[in-house]
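Here is the naming used below: chain letters follow the sequence lines, and residue numbers restart at 1 for every chain.
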There are 2 protein chains.
Amino acid sequence: MSRRLRSITDPDALPGYRDNDRASARIEFLREALPPGEDVERVAAVFRLMGDPGRVRILATLLEAGEVCVHDLASVAGLSESSVSQALRLMRAHRVVETRRAGRVVFYRLGDNHVRMLLDLAITHAGHSPAVTAVSSPIDPTRQEPT
Amino acid sequence: MSRRLRSITDPDALPGYRDNDRASARIEFLREALPPGEDVERVAAVFRLMGDPGRVRILATLLEAGEVCVHDLASVAGLSESSVSQALRLMRAHRVVETRRAGRVVFYRLGDNHVRMLLDLAITHAGHSPAVTAVSSPIDPTRQEPT
DNA sequence: TGAACAAATGATAATCTGTTCAGATGAGTC
DNA sequence: GACTCATCTGAACAGATTATCATTTGTTCA
């Protein structure tokens, strides 16, 4: 976060946070700081692709094994070959995975390091993070206030 | 990837890749290497939450500004306050965002560093990556074979 | 060439998701 | 207390997503 941004947006740093003019300036500033719409769409698309248990199993398998054929992916992930094929098609279109053909077998691998890092980060973190809470009130009385 | 895993799964490293027994061993091994089902679900859930353009805008705003109230989030992201509230509720349940109340205003911020890293990585990468391809054949003739 | 195999595709139905609307809650203010 | 503001919630609808089945393509091998 930039210094200027902080000075504009910090709710505690300024008196008159609720003032209309200040609010407009803040919103204007933040809106301009957003990534371009095209990038937002691309980010969302990749995350959406990674947001399905079956596809996560496929990707985790590729992360572990490097290169795997469709048939094996289906067996490992516990999905039909058709499902896997459909999933791979979507991920191919967004370069989340890439292919190599060897005879009649097609091997899939992760598309790039970026995907590899996202996956690795998420899986590692999931390994030692608390379970999901029930849908709760925005302010949970049992929650500790940050210091 | 472990050495043993590579020796079992590398399609080029072994003759008899297609052999049934070897295939079974390979699949068995990969299946056991998958993260626990609970972790897979959790990873998928977080990615799914991050896989919507509106929510990406919300999260990107929080990444940039640190703490933002619901009303401002709606203005910046170009969504109704109700939509934002619904989105935040989902993300709250998975600890993707956290809250702080100040009077009748509720400020939201990113839940933890893990989320921050995922977002940052994805947005940075989207900034200089090629657009999405049309749905294409698994083996695109124009594609370069990896070396 | 034809049989066997791996993978991809198209179409469909069932399911899931996101948005909106109307109303409820909770906190400040007069 | 009545009023306003900021936010939250539940229900309902439209649109997107998913799995599945049948079919097709492309490859190897007898």
Just N and O in the side chain of [X]: are any of them under 4.0 Å from OP1 or OP2 of [N]?
| X | N | result |
| --- | --- | --- |
| A:Arg48 | D:dT17 | yes |
| B:Tyr108 | D:dC8 | yes |
| A:Arg92 | C:dA8 | yes |
| B:Arg104 | D:dT4 | no |

Could you tell me which non-hydrogen atom of [X] sits nearest to which non-hydrogen atom of [Y], and how far apart they are?
| X | Y | value |
| --- | --- | --- |
| B:Gly51 | A:Arg48 | O-NH1, 3.3 Å |
| A:Met117 | B:Leu121 | CB-CD2, 3.6 Å |
| B:Leu34 | A:Val76 | CD1-O, 3.8 Å |
| B:Gly66 | B:Arg109 | O-CB, 3.2 Å |

Considering only side-chain heavy atoms of B:Arg89, which listed nucleotide, D:dT7, D:dT9, C:dG10, is closest?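 So the side chain of B:Arg89 is nearest to D:dT9.
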Would you list the protein and nucleotides 19-25 of chain D atom pairs, both N or O, that sit under 3.5 Å from each other?
| unit_1 | atom_1 | unit_2 | atom_2 | d |
| --- | --- | --- | --- | --- |
| D:dT20 | O4 | A:Gln86 | NE2 | 3.1 |
| D:dC21 | N4 | A:Ser82 | OG | 2.7 |

Specify the separation, in whole Å, of atom [atom1] of [X] and atom [atom2] of [N].
| X | N | atom1 | atom2 | result |
| --- | --- | --- | --- | --- |
| A:Leu73 | C:dA6 | CG | P | 14 Å |
| A:Leu88 | C:dA8 | CG | C1' | 10 Å |
| A:Glu81 | C:dA4 | CD | C1' | 14 Å |
| B:Phe107 | D:dT7 | CZ | P | 8 Å |
| A:Arg101 | C:dA6 | CZ | C1' | 8 Å |
| A:Arg57 | D:dT18 | CZ | P | 14 Å |
| A:Leu90 | C:dA8 | CG | C1' | 13 Å |

Donor + acceptor pair across side chains of A:Ser80, A:Ser83 (<3.5 Å):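 Yes, a side-chain donor-acceptor pair sits under 3.5 Å.
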Residues A:Asp112 and A:Arg95 bridged, charged N to O under 4.0 Å: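 Looking at A:Asp112 and A:Arg95, the cut-off is not met.
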I'd like to check B:Tyr108 versus B:Val68 (side-chain heavy atoms, cut-off strictly below 4.5 Å). Are they in contact?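 No, every pair of side-chain atoms sits at 4.5 Å or beyond.
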